[in-house]
Number of protein chains: 4
Amino acid sequence: MPSDALPATSPAHPPGAFDRGLLAPVAVGHDDLVSDDAVLAALVRAELGLVRAWEALGAVPTEAAEAIAAAWSADAAPEHAAPLTIEVASLAAAAVGGGNPVIALVSLLKQALAPADRAWVHRGATSQDILDTALMLVSRQAVDAVLADLAETEAALAAFAREHRDVVAAGRTLAQQAVPTTVGRRAGGWLGGIRRARIRLQQLALPAQLGGAAGTRASFHELGGPAAAELPARYAEELGLDDAGAVWHTSRWPVTELADALAQTTDALGKLAGDVVTLSRTEIAELSAGPGGGSSAMPQKSNPVAAVLIRSAALRAPQLAATLHLCAALAEDERPAGAWHAEWPTLRELVRITLGASAHAARLASVLRVDREAVARNLALTNGLILAERLSLRLTPLIGAERVAALVAEAASGADVAALLAALPEADGLDIPSLLEPANYTGDAAAVVDRVTGVEPS
Amino acid sequence: MPSDALPATSPAHPPGAFDRGLLAPVAVGHDDLVSDDAVLAALVRAELGLVRAWEALGAVPTEAAEAIAAAWSADAAPEHAAPLTIEVASLAAAAVGGGNPVIALVSLLKQALAPADRAWVHRGATSQDILDTALMLVSRQAVDAVLADLAETEAALAAFAREHRDVVAAGRTLAQQAVPTTVGRRAGGWLGGIRRARIRLQQLALPAQLGGAAGTRASFHELGGPAAAELPARYAEELGLDDAGAVWHTSRWPVTELADALAQTTDALGKLAGDVVTLSRTEIAELSAGPGGGSSAMPQKSNPVAAVLIRSAALRAPQLAATLHLCAALAEDERPAGAWHAEWPTLRELVRITLGASAHAARLASVLRVDREAVARNLALTNGLILAERLSLRLTPLIGAERVAALVAEAASGADVAALLAALPEADGLDIPSLLEPANYTGDAAAVVDRVTGVEPS
Amino acid sequence: MPSDALPATSPAHPPGAFDRGLLAPVAVGHDDLVSDDAVLAALVRAELGLVRAWEALGAVPTEAAEAIAAAWSADAAPEHAAPLTIEVASLAAAAVGGGNPVIALVSLLKQALAPADRAWVHRGATSQDILDTALMLVSRQAVDAVLADLAETEAALAAFAREHRDVVAAGRTLAQQAVPTTVGRRAGGWLGGIRRARIRLQQLALPAQLGGAAGTRASFHELGGPAAAELPARYAEELGLDDAGAVWHTSRWPVTELADALAQTTDALGKLAGDVVTLSRTEIAELSAGPGGGSSAMPQKSNPVAAVLIRSAALRAPQLAATLHLCAALAEDERPAGAWHAEWPTLRELVRITLGASAHAARLASVLRVDREAVARNLALTNGLILAERLSLRLTPLIGAERVAALVAEAASGADVAALLAALPEADGLDIPSLLEPANYTGDAAAVVDRVTGVEPS
Amino acid sequence: MPSDALPATSPAHPPGAFDRGLLAPVAVGHDDLVSDDAVLAALVRAELGLVRAWEALGAVPTEAAEAIAAAWSADAAPEHAAPLTIEVASLAAAAVGGGNPVIALVSLLKQALAPADRAWVHRGATSQDILDTALMLVSRQAVDAVLADLAETEAALAAFAREHRDVVAAGRTLAQQAVPTTVGRRAGGWLGGIRRARIRLQQLALPAQLGGAAGTRASFHELGGPAAAELPARYAEELGLDDAGAVWHTSRWPVTELADALAQTTDALGKLAGDVVTLSRTEIAELSAGPGGGSSAMPQKSNPVAAVLIRSAALRAPQLAATLHLCAALAEDERPAGAWHAEWPTLRELVRITLGASAHAARLASVLRVDREAVARNLALTNGLILAERLSLRLTPLIGAERVAALVAEAASGADVAALLAALPEADGLDIPSLLEPANYTGDAAAVVDRVTGVEPS
């Protein structure tokens, strides 16, 4: 039946809408900050910031700057110009011819102004100045949102770690039970990784860009004379961005350092999510993440959807960051032929999925529940052999490594460890129940929890 | 001035529109086939296809199938049900809870039907069946469009290669002039790479998916009995997709083989675009790609925008394909917890940029122009040393390798090669003008052009 | 104690030995085919093949060709020349100056010959001809070895699938138990993915390269006249490689198609290994892979080492393949400045880890053991709710979706499903024990096993 | 002739030598720090450091520690034990069974000791402690070497920038000449990017690892009591590594932060190398990098080999870093099953190629030469249109944008710009020669050079 008519979808959307999140549920609901609308708003803000920076140097009349700000504001409808209503899809289409949307945007922005004010727009700038700056504006807001989500996640995980500080659980390496740990200690590890990523994000420089056509700022100097040397700092200040102290047209560390910090964030969240997925497996069942996602086929299932979506982000972020590094390495000449263009959608997608992952993580951390009975059941699964390392450390000096190995093998075949120990003449003085108590073999687990949750100074 | 109001953007767009192409000009204008609307339409088609496949087995009444098809068609407004108008953004939002959009979609699709018909919907299927199938439907259409663009590109490049079959030009290796080639031969290389990619795309299997909850098709057998064995083939047939002969829930070769072929396509187009960018450099100027993109700052520039945008796609595609391979490698259990979800936006973006790259390539190939004067000027730049290899081959038997090296060094310092040769007693019988004619040292360049352009059988 | 003297390591190794596998245990024992020695041997074979191809055209005297072959063979020590003993480390060092090892190698190869025979060496060739051809020779042997390993793996998995054809097990999606499947069906999925990858590998074209300095073959035509047109085919034939029908200096599909097939192989093996790791978890314990790796700390552990190492390869392969695609996309001019050089170690590493992964997989598949008791125990964990989908399909027509959901919820809270069903008046005619028998809800699992293991034609 | 005997290669190499750099010339000569020998030495140092750390706590007798250090040092041959000679290839082979080389190494290390001293070896440690620590030791030394190379590169580039501070050159965007810049300014950009990367490398924390089997350090506490809390800090101190303050078994930021900084380094060096390759093109010829690499076929060529090899590293590094991020994201449980193992060869290769790239860059920067004549020739190529932006800024207020565009178009068609300007009545007061002097339109180029080269404070 390939000839069946295609179904109706809403006629409300504009032509050219690529993506409203249907295929990236991780990012839905957290994307306002990086949507095309947000980018457009940032582009206009970048242009307005330039007007204001020139104004601050006395090179644009304040009345003109005010009129421009008013004309470009949402409810502006000055009599002498059409109200500014920019259709993103049309602008996107116009961007194809020039390779970027700025040329067409400047034209639209000028049309919204009185003729006399138009000369103050885009003064000395090149497209890259505006686009790079806009992407940093968008990133600034998104990173702030990620930071807020991470702070919330950390708080929830800290509470979780404290609550389960002393719940002894099986530690696992290479997917096999290894030695005991605690639920709190595991959460402390999640917390540490997320905190490190947050610090990286906090330390980021997100600079404005103002280099002119080839990074020499000649146009600004041509128009502004010596005072133009102040323009970049004023520009950054106007926009609440950092002043990199240098043009970064083809020195793309602001993009790659951002990408690295975002990937570090999804790494840390991915580790959390991966453990949640594993520990909520039907057969392990130590963790649950609240009422999960349903299934179209299996009514009993409660899928760990938030963790699954976070993982989907964590699997994608590294390769997106790699593309950004490649673009940095290939930033030839004074502006590269393709490597710059490949950055925009890649950076935006990386920001978007990090935003989604952090938002999901905040919720996930707040609903994590421990089934202590399951934890205890799993801990007991090996009939005491989860303490084999401890036994080995204690018994080897007494009976030698070979006999320890034999004893462990016997226990692995089903023998009772306590009985085997009791039968050892050399182990006469051992407090066997204490030795076989997993809670007595958790090292500094509690201390780590105290430290990372601030009970002791970190 | 961080407090300036954000500018108005069009109020027409729905909330939740991530992306209308503002940051990916390579894809604008070629994206209808992979937009969220297209995906939604494909999801509905996948659901309708299942109804039709069951109908073909006699398990769904034809009247019901017809009613469903009618209700889901664009202008359907049956009295007993609300007309089907699905808002993508809402559906995307609903997808977050379940992790994918199918659960919410099925509910909406049922609401559009008379109660009695609802039981025929999504019969035995799991979300993955529908989503995988829909992505293959979207890919099928997009790959067909790419194939058409590639055919057009090949035709234009073949005409170009024939036109410039015998235009001798400098061949370059490691960015240095090396030996002569021809403009036609270089185009023949582009053509060969693109053709190989096209063949890979043509050979792809893009299968429907119908495995049920865990790939056993138990639900279909439960509902359809032994006849259900026929269902997958019928389903594929209904939808114009291939029948993989097996469930591929966690055996993701249909996705990775598609990804590989798409990356091979952007590789081949990226090679073309890279050469166009290089050869249209101001200092080389052998090629131009018609009136190019303007600049917001430099009115004289004519940027090779199409080539630049193709390159931007070629730099991104490999890492997107890598993510898809990773997802395939990590397809644990009977459906993975994140690796499946990471595929959707990644595959879609890879398809989208390939579509954009191939459309740009078709146009680029049709407007490529050669400046034969520049070609000749560049060929003459080394004062004959572009033929040093030939001289070496001819002279070494006569005067030995050392004296050849000395002669080449002398020529590299500015001496006239013809004069140096004329002064060589051992070179007495050589036809020096013929020896120094680059056109006489182009090997099988013309034959290759004839072969790849079909003058001789390939 | 940073001043402690470094430990002694064996003095036997030559200076410059990067890597003997200490950090890549996956590849140890399977690397002879791709070691530097193997590459060196292939480089010499590529040079010798060229001599032989010219000889076949009558352009090199047979006596000279024989003398060359003899001089370059392992035990050659002709009186007129030094025996051929090439020190890889020295050759590698010499490669730095020229950017590749061929220039230095040709010089060494000539030194091993009588002066009169030296002119027949490297006749018309460029470094890339020899290096590309050598990498294809190495790949050819390695791919053959991978194919043998895959055949062995498939045979073992087929036997495993047949043996456990009817062992009903829990199927899992998003890490949660979903519906039943069988151990055999799961193995059938592994088998299908591996078989597909094998077919891709079998279909590969691994061509010789013979293009001359810039792909025009001008040097060969200069030296050989019209007969040179036959040279590429003869060359390929001499070496047991494919004839691509075209130069691929900057059309790198032979490399990327190989990379894609290798990544598809590690994907398929990674899926197998991932499932083995999961299913051998202490808490799941359905599978074991024979006596596993020990631990330096935990004497009781038996780690699934082969699966772990295969996974390590599967996590790396996609990004290596991505680099190769990038190099293909960036193959500018008639030979690129860096993209070609980045291919060599990347391709070799990808070949190496695939070789390692396939060898481990063959062993892993041969030692896989099922703990049927654990399989049954896990299947029973949900107290029958693993059949919730089936109940829903059967009961919804009888009691409606809402009451089904309520019943499932009651069962999930601990109620006995059979009792709940028995209490349903509408379910009067149901054969409850049969309905709740997981073996009755495995769809076409057995048929799939029969088909993929050849009991029925695939 | 496929049956020709394989050539002899040196019999001196040990079996199992994967790689001596034949296929990675970028890294040859700079690899001693990361070779398997270096890794082995670091593994032993990590074990010895643990002995020393325990000794510092009073838990190992000083005599024993001294005896161990002596036994493991290069020329040790204590009577009571075999001298320590570890064959890397054998150790690598032994690593396959356990999945890592530490278990076998510990056994060998103990054999070299008197029986009474053996108990002090590997005390409380798990394999991961030793391997992670060893990789950080190797990285520490390699990063120091990279830092030295970068410092040298920066010094050479600073001298280069100062020397060519005022050499006006064509700036290029999207491969087209755009506006003037200076040779010094371009070098200032390279310098800025490299300096930023160096700072990232300097700020890295490269911590020792000491977590025990599952990160709880239970074994150390078991053996050392409360004093064991001091062990990690002592351990780091002994080895000259950082103390991370926390176990990082599955919180892999030390690896990814290192990877990010390394990729940032190859990005910055790749940008330099890419510009060198472009600017030394035969047709551009503004730069040369000293006597370059030869060609096996073309005697006249002087290839920019160092730049080419650096680029080969820059194309590979991002994907290697991506793999490390993936491994971090997939660090499940208390030690992951594959993700940890995938890190080792990937990190080592990334370190290795960065080391090679930085060494090549130091040399490249020291031999860079400018052909000022070529620079001037290229600058003049557009007949003054490289100043079109300046003309537009100056003339638009006088004659309007339309007439400016017409004038530029006329000039682009060959008209003399000065004459066109002279003919403009509105341009009466302009100092046309000054306006058309490229040196007058270089903005803050000189100031940037002064700042980045320290003439003014940065």
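Letters go in sequence order (proteins before strands), and every chain restarts at 1.
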>> Under 4.5 Å from any heavy atom of chain A, what part of L241(B) do you find: side chain, backbone, both or neither?
In response: neither

> Which answer fits V277(B), side chain, backbone, both or neither, if we ask what part of it has an atom under 4.5 Å from a heavy atom of chain A?
Replying inline: side chain

Relative to chain B, which of [options] shows the most heavy atom pairs under 4.5 Å?
options                            : result
L315(A), V26(A), L320(A)           : L315(A)
A27(A), A313(A), S107(A), A24(A)   : A27(A)
D333(A), L135(A), I353(A)          : D333(A)
P336(A), P318(A), S219(A), P345(A) : P345(A)

Below 4.5 Å, heavy atoms only, C-beta onward: do [X] and [Y] meet side chain to side chain?
X       : Y       : answer
D19(A)  : R348(B) : yes
L43(B)  : L22(A)  : yes
F18(B)  : V34(A)  : no
R316(A) : C327(B) : no

Contacting moiety of [X], where chain B heavy atoms sit under 4.5 Å:
X       : result
I130(A) : neither
E47(A)  : neither
R281(A) : side chain
L131(A) : side chain

> For chain A, which of E343(B), R352(B), H341(B), R311(B) has the most heavy-atom pairs under 4.5 Å?
Replying inline: R352(B)

> H360(B), E349(B), Q319(B): which one forms the most heavy-atom pairs within less than 4.5 Å of chain A?
Replying inline: Q319(B)

> So, D36(A) side chain and G21(B) main chain: donor-acceptor pair closer than 3.5 Å or not?
Replying inline: yes

>> Please identify which of these residues, D37(B), L91(B), V39(B), meets the side-chain contact (heavy atoms from CB on, under 4.5 Å) condition with R20(A).
In response: D37(B)

>> If you apply the rule side chain to side chain contact (heavy atoms under 4.5 Å, CB included), what do you find for V308(B) with W340(A), and how did you get there?
In response: CA-CA 9 Å; V308(B) 166; W340(A) 177 49; over 6 Å; no

> Do you know which two heavy atoms are closest between P25(B) and G99(A), and how far apart they sit?
Replying inline: CG-O, 3.4 Å

